[in-house]
**Q** 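Structure incoming, see below.
Chain letters run A, B, ... following the sequence lines, proteins first and then strands; every chain starts at 1.
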Amino acid sequence: MSPVRVRFAPSPTGFFHIGSARTALFNWLYARHTGGIFVLRIEDTDKERNGEQFLNVIYESLRWLGLNWDEGPGVGGEYGPYRQSERTAIYREYLEKLRAAGRTYEKDGATWFKLLGERSEVFDAHRQRTVTKVQVAPTVIDDLIRGRVERVEDEDFVIVRSDGSPVFHFVNVVDDIAMRITHVIRGEDHLSNTSKHVELFKALGAPVPQFAHIPLILKQHGPGKMSKRDQGALVEEYQGRGYLPAALVNFLCLLGWNPGADREKLPLEDVIRQFDLPGVNQSNARFDDKKLAHMNMLYLLEQPADRFVALGRDYFQRHAPGAPALQAEPGYFREVLLLSQPKIKGLEELPAYTRYLFSDDYPVDAKVQEKVLAKGDPQARLRELIAALPGWDFSSDAAIEEALKALAASRQLGFGDYQAVARLAVSGTNVGPSLTSLFRVLGRDRVRSRLERLLAPA
RNA sequence: GUCCCCAUCGUCUAGCCCGGUCAGGACACCACCCUUUCACGGUGAGAACCGGGGUUCGAAUCCCCGUGGGGACGCCA
C-alpha cells in the first residue's frame with residue numbers, strides 16, 4: 001500500500017473561509033492519522049481574481065490553526081512547484097498527451113476536452129441554447145464518505161481558455177496526478193465536478209484517486225451554504241476576536257465528525273488517532289457560534305496562568321493599544337487577569353470587564369445603580385464601610401472577608417448587605433470577581449475614594 | 001429546468017451498516033442547587049426519528065415514492 005498523499009488546494013482570493021479551514025483540517029487529520037503527506041497547493045490559475053498579497057492570508061490562517069504542510073510553498077518537496085501559476089510547462093506536457101490521444105479539439109479559440117460517444121444536438125431550456133450531448137457510460141465514483149455515486153458527464157468542456165490559460169478541472173487533475181495524490185478530500189460542492197475529473201484521469205491513463213466529499217457548512221441563519229460575506233465566516237475573524245485556535249479546531253472537528261463516547265472536547269492527538277474518512281457525516285451542518293464560544297471558554301479556562309496573561313496582553317495590544325491596562329504594573333496586570341480568567345467567556349470581554357481595575361474613569365451602569373440604591377439603606381452601609389476601612393488588614397482576601405464579616409455582624413447584618421452597594425461603588429456594575437478580591441487588588445485608598453464618591457455624588 | 005447529495009431535539013450529533021435500547025450526549029433555553037454579584041460547576045425539565053407506502057412478529061434502522069434541504073450545471077475555483 002502506497003503512502004497516503006492528500007492535498008489542500010485553496011485559491012488565493014483574499015479570504016480564508018471557515019469551510020476551507022475544515023477541508024484543510026480534515027485533509028491534515030487524515031494525513032496525520034495515516035502517517036501520510038499533507039500537501040499545500042495554491043490554485044491561482046484565475047489571473048483576474050487572484051492576488052499575490054492574498055497568499056499570506058492562506059499561510060497565516062493555516063499556521064494559526066496549526067495545520068502545517070509537509071510539501072508546498074515555503075517547505076518545498078519533490079513534486080513542486082506548488083503554485084499552479086508556476087506549473088505551465090507541466091500543464092502543456094499533459095495537454096500534449098491528451099492532444100496526441102485525440103481527446104481535444106479547438107473551438108472559439110479555446111481547447112475542449114472530447115468525451116467519447118455518440119453525439120447529438122439538444123436544446124437546453126434552462127440555458128436557452130443548443131448544446132452537444134455525448135452518449136457516455138455513467139462515471140462511477142466510490143466515495144469514501146458517500147459510497148457509490150453515479151453521474152453522467154455528457155458534455156465536452158473547456159480545459160484551456162482562449163487566452164491560453166488552463167482551467168481548474170484540468171490543472172486540478174494534472175496536479176493530482178503529478179503530485180501522486182492518493183485521496184482527494186474536498187467539499188461536497190465538488191461532487192458534481194468529479195465526473196469531469198474522473199474522465200480526465202482516465203483519458204490521461206492515470207489511476208483515479210480515492211474521493212471523499214465532506215458535507216458543507218450551512219450559514220447560521222437563513223438558507224444556503226456559508227459564504228464569505230456571512231457573519232463569522234472568516235477564520236481571521238476568530239483570530240482577531242481572540243479565539244484560541246485549539247478551540248476552533250476542536251469545534252470544526254465536531255462539524256461532520258465525532259469521536260463517539262459522548263466526548264466533545266478532546267485533544268488533537270486523540271482526534272488524530274480516531275479520525276477516519278468513513279466516520280465523516282454525509283449531511284450538511286449548520287454553523288453554531290454559541291457552541292464555538294462555549295468551546296472557546298472551555299479552552300480559555302484551562303490555560304496556564306502565564307499563558308492566559310500573555311493572551312490577554314496580546315489582546316489588549318491588538319484591540320486597545322492605548323488602554324490603561326497596558327500601562328499597569330505587570331504584577332498588577334497579571335493579578336487582574338487571573339481574577340478574570342475563570343469569569344469571562346472570551347478574551348473579547350476583557351477590556352470592559354477589567355476597565356475599572358485599571359482606571360478611575362469607568363462607566364457606571366445606571367440601571368444597576370438605581371436598583372442597588374433603592375434597596376435597604378445603602379448610604380448607611382457606605383458610611384459604615386468608610387469608617388471601618390482604616391482598621392482593616394488588606395493583605396489577603398481572607399483578611400478582608402473576615403473584617404467585612406465582623407463589621408456586618410456588629411450591625412446584625414450579613415456580608416450580602418454590603419456586597420451589592422460596595423461592588424457598585426468600586427466597579428460601577430453588579431458583575432465581576434469576588435468583592436474581597438476587588439478590595440484587595442484596588443487597595444484601601446482607591447476603595448475608600450470610590451465609596452465616598454458614591455456616598456456623595458458630585 | 002436537468003443531474004447529484006442529504007434527512008434523529010431549535011443547533012451539532014450518538015444510534016442506522018449487523019432491525020427488538022425509557023432514542024443517548026453537547027450547545028442554547030427554563031427551573032432548582034452551590035454562592036458574595038456574575039460566571040463556572042451540579043441536578044432536573046421541556047425538546048427529535050419529515051410524510052406515505054412496503055418488507056417483517058417487530059422499522060429511527062432495510063426498500064420505494066413523495067416532500068423538504070443542499071450542491072452542481074462558467075473560457076470561476
**Q** Tell me what Leu255(A) touches on the nucleic acid: a base, only sugar-phosphate, or nothing, going by heavy atoms under 4.0 Å.
**A**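 Touches sugar-phosphate only.
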
**Q** Of the candidate nucleotides G74(B), U36(B), C12(B), which contains the atom at the shortest distance from the side chain of Ala285(A)?
**A**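 Looking only at side-chain atoms, Ala285(A) lies closest to C12(B).
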
**Q** Look at all strands and tell whether Pro215(A) reaches a base, only sugar-phosphate, or nothing, counting heavy atoms closer than 4.0 Å.
**A**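 Touches nothing.
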
**Q** Is Glu349(A) salt-bridged to Lys343(A), cutoff N-O under 4.0 Å?
**A**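 Lys343(A) and Glu349(A): not salt-bridged.
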
**Q** If I pick the P atom on G41(B) and the same atom on C29(B), what distance separates them, to the nearest angstrom?
**A**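 Those two atoms are separated by 13 Å.
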
**Q** Asn281(A) side chain: which of A14(B), G74(B), G25(B) is closest?
**A**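 Nucleotide nearest to Asn281(A)'s side chain: A14(B).
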
**Q** Among the candidates U36(B), C4(B), C12(B), find the nucleotide nearest to the side-chain atoms of Leu191(A).
**A**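 Of U36(B), C4(B), C12(B), C4(B) is nearest to the side chain of Leu191(A).
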
**Q** Is the phosphate of U37(B) approached by Gln419(A) (side-chain N or O, under 4.0 Å from OP1 or OP2)?
**A**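 The answer is no; no side-chain N or O of Gln419(A) sits under 4.0 Å from OP1 or OP2.
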
**Q** Ignoring the backbone of Asp189(A), work out which of U36(B), C12(B), G71(B) is nearest its side chain.
**A**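 Comparing U36(B), C12(B), G71(B) against the side chain of Asp189(A), the answer is G71(B).
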
**Q** Using a strict threshold of under 4.0 Å (side-chain N to carboxylate O), is an ion pair present between Lys291(A) and Glu264(A)?
**A**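 Here Glu264(A) pairs with Lys291(A) in a salt bridge, since their nearest N and O are under 4.0 Å apart.
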
**Q** Which part of the nucleic acid, if any, lies within contact of Ala420(A), taking any heavy atom under 4.0 Å across all strands shown: a base, the sugar-phosphate backbone alone, or nothing?
**A**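 Nothing, no heavy atom under 4.0 Å.
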
**Q** Base, sugar-phosphate, or nothing: which does Asp124(A) touch, judged by heavy atoms less than 4.0 Å apart?
**A**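 No contact.
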
**Q** Give me the distance, rounded to whole Å, that separates C62(B) from C17(B) when you measure between the P atoms they each carry.
**A**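 Taking atom P in both C62(B) and C17(B), they lie 5 Å apart.
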
**Q** Give the nucleotide from the list U11(B), A26(B), C5(B) with an atom nearest to the side chain of Val149(A).
**A**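 Of all the options, the side chain of Val149(A) is nearest to C5(B).
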
**Q** Contact class for Asp108(A) (heavy atom, under 4.0 Å): base, sugar-phosphate, or nothing?
**A**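 Result for Asp108(A) = base.
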
**Q** Base, sugar-phosphate alone, or nothing: which one does Lys345(A) contact when heavy atoms must sit under 4.0 Å apart?
**A**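 Here Lys345(A) touches the backbone only, sparing every base.
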
**Q** Give me the distance, rounded to whole Å, that separates G69(B) from U11(B) when you measure between the P atoms they each carry.
**A**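 G69(B) and U11(B) have their P atoms separated by 14 Å.
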
**Q** Given the structure, check if the side chain of Ser162(A) and the base of C75(B) hold any donor-acceptor pair shorter than 3.5 Å.
**A**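 Answer is yes: a donor-acceptor pair is held.
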
**Q** Return the nearest nucleotide to the side chain of Pro223(A); candidates are G10(B), U36(B), G70(B).
**A**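 Minimum distance to the Pro223(A) side chain belongs to G70(B).
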
**Q** Look at the side chain of Lys405(A) and the base of U36(B), then say whether one donor and one acceptor between them are separated by less than 3.5 Å.
**A**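 A donor-acceptor contact between them is absent.
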
**Q** Sort out the partner of A7(B) for me: Watson-Crick or G-U wobble, both distances under 3.5 Å, none otherwise.
**A**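 A7(B) is paired, partner U67(B).
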
**Q** Counting the atoms with a prime plus P, OP1 and OP2 as sugar-phosphate, which does Gly256(A) contact under 4.0 Å by heavy atoms, base, sugar-phosphate, or nothing?
**A**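 Sugar-phosphate, no base atom in range.
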
**Q** State which residue, out of Lys133(A), Lys196(A), Arg119(A), Arg103(A), fulfils the salt bridge (charged side-chain N to carboxylate O under 4.0 Å, His left out) condition with Asp156(A).
**A**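 Of Lys133(A), Lys196(A), Arg119(A), Arg103(A), salt bridge (charged side-chain N to carboxylate O under 4.0 Å, His left out) with Asp156(A) is met by Arg119(A) alone.
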
**Q** Work out how far the P atom of G25(B) is from that of A47(B), and round it to whole angstrom.
**A**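 Looking at atom P only, G25(B) and A47(B) are 14 Å apart.
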
**Q** Work out how far the P atom of G54(B) is from that of A60(B), and round it to whole angstrom.
**A**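 After rounding to an integer number of Å, I get 15 Å for this pair.
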
**Q** Counting distance alone, no hydrogens or angles: does the base of C27(B) have a donor or acceptor under 3.5 Å from a partner atom on the side chain of Lys290(A)?
**A**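 Checked by distance alone, the answer is no.
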
**Q** Will you find, in the side chains of Glu384(A) and Tyr418(A), an N or O donor that is under 3.5 Å from an N or O acceptor?
**A**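 On atom types as modelled, these side chains qualify, holding a pair under 3.5 Å.
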
**Q** Is it the case that U37(B) (base atoms only) and Ser434(A) (side chain only) share a donor and an acceptor within less than 3.5 Å, ignoring hydrogens and angles?
**A**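 No, the side chain and the base share no sub-3.5 Å donor-acceptor pair.
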
**Q** Side chain of His294(A) only, please: which of A7(B), A28(B), G25(B) is the nearest?
**A**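 Of A7(B), A28(B), G25(B), A28(B) is nearest to the side chain of His294(A).
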
**Q** Measuring only the C1' atom in each nucleotide, how far is C38(B) from G44(B)? A whole number of Å is fine.
**A**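 Comparing C1' positions in C38(B) and G44(B) gives a spacing of 23 Å.
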
**Q** Classify the nucleic acid contact of Glu264(A) as base, sugar-phosphate or nothing, counting any heavy atom under 4.0 Å across all strands shown.
**A**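 Here Glu264(A) touches the bases of the nucleic acid.
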
**Q** Quote, to the nearest angstrom, the P distance that separates G70(B) from A31(B).
**A**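 Going atom to atom, P in each nucleotide, I get 34 Å.
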
**Q** Under 4.0 Å between a side-chain nitrogen and a carboxylate oxygen: does that hold for Arg381(A) and Asp417(A)?
**A**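 No, no charged N to carboxylate O under 4.0 Å.
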
**Q** Select base, sugar-phosphate, or nothing to describe what Gly109(A) touches, counting heavy atoms under 4.0 Å on all strands.
**A**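 Nothing, no nucleic acid heavy atom in range.
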
**Q** Does the Lys NZ or Arg CZ of Arg22(A) fall within the cation-pi geometry relative to Phe26(A) - under 6.0 Å from the ring centre and within 45° of the axis?
**A**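 Satisfied, under 6.0 Å and within 45°.
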
**Q** Counting any heavy atom closer than 4.0 Å, what does Arg146(A) reach on the DNA or RNA strands: base, sugar-phosphate only, or nothing?
**A**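 Sugar-phosphate contact only - Arg146(A) comes under 4.0 Å of backbone atoms but never of a base.
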
**Q** Touch check for Gly416(A), heavy atoms < 4.0 angstrom, all strands: base, sugar-phosphate only, or nothing?
**A**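 It contacts nothing in the nucleic acid.
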
**Q** Please say which of Phe170(A), Phe113(A), Phe157(A), Phe168(A) ends up in a ring pair (Phe, Tyr, Trp, His ring centres under 6.0 Å) with His197(A).
**A**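 Option passing the ring pair (Phe, Tyr, Trp, His ring centres under 6.0 Å) with His197(A): Phe168(A).
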
**Q** Using the C1' atom in both, what is the distance from A7(B) to U61(B), to the nearest Å?
**A**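 Straight-line distance between the two C1' atoms is 14 Å.
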
**Q** May I ask you to say what His190(A) touches in the nucleic acid, namely base, sugar-phosphate or nothing, with a heavy-atom cut-off under 4.0 Å?
**A**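 His190(A): base contact, heavy atoms under 4.0 Å.
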
**Q** Should Lys225(A) be listed as having a side-chain N or O under 4.0 Å from OP1 or OP2 of A72(B)?
**A**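 Yes, within the criterion.
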
**Q** Hey, does Met295(A) reach any base, or is it just sugar-phosphate, or nothing, if we go heavy atoms under 4.0 Å?
**A**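 No contact at all - Met295(A) keeps every heavy atom at 4.0 Å or more from the nucleic acid.
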
**Q** Quick one: which of Leu442(A), Val426(A), Leu337(A) gives a side chain to side chain contact (heavy atoms under 4.5 Å, CB included) with Leu357(A)?
**A**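 The residue from Leu442(A), Val426(A), Leu337(A) that satisfies side chain to side chain contact (heavy atoms under 4.5 Å, CB included) with Leu357(A) turns out to be Leu442(A).
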
**Q** Measuring to OP1 and OP2 of A14(B), would you say a side-chain N or O of Asn258(A) lies under 4.0 angstrom away?
**A**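 Asn258(A) to A14(B) OP1/OP2: side-chain N or O found under 4.0 Å.
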
**Q** Where the side chain of Glu188(A) is concerned, which of C3(B), C5(B), A77(B) is the nearest nucleotide?
**A**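 Side chain of Glu188(A) sits closest to C5(B).
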
**Q** Which part of the nucleic acid, if any, lies within contact of Ser283(A), taking any heavy atom under 4.0 Å across all strands shown: a base, the sugar-phosphate backbone alone, or nothing?
**A**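 Sugar-phosphate, no base atom in range.
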
